[in-house]
Amino acid sequence: MFKIVVLLSGEGSNLQAIINQIDLGNIEAEIVAVISNRADANGLNRAEKAGIPNIVLEHIHFSDREAFDQSLAQIIDSYEPDLIVLAGFMRILSDGFVEKFQNKIINIHPSLLPKYKGLHTHKRAIENGDEEHGATVHFVVPTLDSGEAILQGVVPVKKGDTEESLAQRVHEIEHIIYPQAIQKVIGQT
Ligand code: GAR
C-alpha cells in the first residue's frame with residue numbers, strides 16, 4: 001500500500017478531506033502518521049478520531065531550523081512513506097530536508113501560483129482587484145512555493161468579499177483538488 005505522512009500546524013480541514021477520500025476509495029493510499037509542529041493543532045484530533053498515529057514535534061524546543069528538520073526527518077523515516085503531504089504546515093523547510101525527500105513532498109498553497117507566494121494571499125488578491133483566485137498543489141523544492149504544479153483550482157473573487165469569505169471559498173476548492181492531486185501523484189509513481 002502507498003504510504004503517506006501528513007505534516008500540519010492547524011485546523012486540518014485538508015487532512016480531513018484526504019481521510020474522507022481514502023475512506024471512499026478515491027485515494028489508493030494509507031496515512032501512516034500525522035505530525036504537527038504545534039500541540040494545539042486540531043488536525044491532531046482529526047487524526048486521532050480516524051485512528052491514525054499522531055505525533056507532536058514542537059519547533060519551539062529546537063535551537064534552529066536544521067535541528068528541528070533533522071528530528072522531523074528521523075520520525076518520518078521511521079514510517080517509510082512514499083509521499084509527504086504538507087497540509088497547512090506553516091514552517092519553511094530547510095534545503096537539506098527538501099533535498100533528502102526530493103520529489104516526495106507536496107504542498108497546497110492558497111493562491112494561483114506563481115501569484116502570491118508566501119503569506120496573506122487572500123488579502124493580496126482582494127487588494128489587487130483580482131477576478132480569480134484559488135489554490136495550487138505543487139511539488140516542494142528548496143525555493144518557497146516554487147515547485148512544479150500538480151493541480152490548480154480556481155474560484156471567483158466576488159464583489160464585497162472579505163479575507164474570510166474568500167478564504168472559505170478557497171478552502172472548498174482545496175478540499176476537492178488536494179485528494180485529486182494525491183491520487184494523480186500515486187498514479188504516476
Ligand atoms: C490551507 O488553506 C492551505 O492552503 C494553507 O493553510 C491552510 C490550512 O488549512 N497553507 C499555506 O498557507 C502554506 N503556505 P487546514 O489546516 O484547514 O487544512
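Both ligands and their constituent atoms are indexed starting at 1 by order of listing.
For ligand 1, the protein residues placed under 4.0 Å by at least one non-hydrogen atom are Glu11, Gly12, Ser13, Asn14, Gly88, Met90, Ile108, His109, Pro110, His171, Glu174.
Side-chain N or O atoms of Asp69 include one that pairs as donor or acceptor with a backbone N or O of Ser94 at under 3.5 Å.
Note on residues 9-30: pairs passing salt bridge (Lys or Arg N to Asp or Glu O under 4.0 Å), not counting sequence neighbours, are Glu11-Arg46.
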Throw together a table of side-chain donor-acceptor distances under 3.5 angstrom for residues 150-159, partners on residues two or more places apart or in other chains.
unit_1, atom_1, unit_2, atom_2, d
Gln152, NE2, Leu113, O, 2.9
Gln152, NE2, Thr136, OG1, 2.8

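Scanning for ring-ring contact (aromatic ring centres under 6.0 Å, His included) contacts around His59 gives an empty result, with sequence neighbours left out.
In this model, a donor atom of one side chain and an acceptor atom of the other lie less than 3.5 Å apart for Asn128 and Tyr116. With 3.5 Å as the limit, one finds a donor-acceptor pair spanning the side chains of His175 and Ser13.
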